[in-house]
Amino acid sequence: LNTTVSDFVSLNKPVNLSPLNAEESLQFVQKLFTSTEEKGMISIADKIIIYNVIEQTVLPTDENQGVAITEGIDKLKKDTFENNLIKVLDTMYPTEMYVKGLEN
């Protein structure tokens with residue numbers, strides 16, 4: 001059983017996690033970034049890697065990425081606000097539908 005504690009990993013730069021080779025390290029990081037679990041297991045070829053995320057950080061970005069991220073966050077906030085507002089208004093003012101030409 002080999003235990004390795006790594007520095008922060010990123011999809012943007014190559015990572016070499018011992019005892020994995022470069023290709024296995026890349027596959028592991030790709031699978032890790034698609035996982036939503038803090039702890040878990042990832043299988044690569046004939047190896048099983050047990051991981052535990054200890055800490056996360058957001059790396060500084062260049063100006064273009066910063067603008068795109070800010071715009072994405074603003075859009076998400078706006079959409080969330082609008083959806084919640086519609087739900088609140090729907091509970092306060094029930095919607096009734098009328099169709100012309102139909103009789104009970």
Please output the side-chain donor-acceptor pairs of residues 24-33 that fall under 3.5 Å, not counting sequence neighbours, one pair per line with the distance.
residue: E24; atom: OE1; partner: N21; partner atom: N; Å: 3.1
residue: E24; atom: OE1; partner: K47; partner atom: NZ; Å: 2.9
residue: E24; atom: OE2; partner: K47; partner atom: NZ; Å: 3.4
residue: S25; atom: OG; partner: L17; partner atom: N; Å: 2.9
residue: S25; atom: OG; partner: N21; partner atom: O; Å: 3.0
residue: Q27; atom: NE2; partner: E23; partner atom: OE2; Å: 3.2
residue: K31; atom: NZ; partner: S43; partner atom: O; Å: 3.0

List the steps, then state whether side-chain contact (heavy atoms from CB on, under 4.5 Å) holds for N84 with I86. CA-CA 5 Å; N84 289 336; I86 290 171; over 6 Å; no
Counterpart residues, salt bridge (Lys or Arg N to Asp or Glu O under 4.0 Å), relative to D90 (two or more places apart): none
Taking a hydrophobic cluster as the set of Ile, Leu, Val, Met, Phe, Trp and Tyr residues connected by side-chain heavy atoms closer than 4.5 Å, whether directly or through intermediates, do I73 and V67 fall within one such cluster? no
Q56, CD atom: more than 12 neighbouring heavy atoms under 6.0 Å: no
Check which hydrophobic residues are tied to V5 through side-chain heavy-atom contacts below 4.5 Å, counting indirect links as well, and list them. none
side-chain contact (heavy atoms from CB on, under 4.5 Å), that's the test. Do M41 and Y51 meet it? Break it down for me. CA-CA 6 Å; M41 294 187 316; Y51 68 90; 5.9 Å; no
Under the rule for side-chain hydrogen bond (donor to acceptor under 3.5 Å, both in side chains), what residues qualify as partners of S6, not counting sequence neighbours? none
From I48 atom CD1 to I42 atom CD1, the distance as rounded to the nearest 0.5 Å: 11.5 Å
Does D46 have any side-chain hydrogen bond (donor to acceptor under 3.5 Å, both in side chains) partners at least two apart in sequence or in another chain, and if so, which? none
Taking only Lys NZ, Arg NE, NH1 and NH2, and the carboxylate oxygens of Asp or Glu, determine whether D74 and K78 approach each other closer than 4.0 Å. no
side-chain contact (heavy atoms from CB on, under 4.5 Å) between E38 and N52, intermediate numbers included: CA-CA 6 Å; E38 179 182 341; N52 181 15; 4.1 Å; yes
Determine whether more than 12 heavy atoms belonging to other residues, nucleotides or ligands lie under 6.0 Å from atom CG of L11. yes
Mind checking salt bridge (Lys or Arg N to Asp or Glu O under 4.0 Å) for E71 and listing every partner two or more places apart, or none if nothing turns up? none
Just do the side-chain contact (heavy atoms from CB on, under 4.5 Å) check on I44 and L20 with the steps written out, would you? CA-CA 9 Å; I44 304 293; L20 303 176; 5.6 Å; no
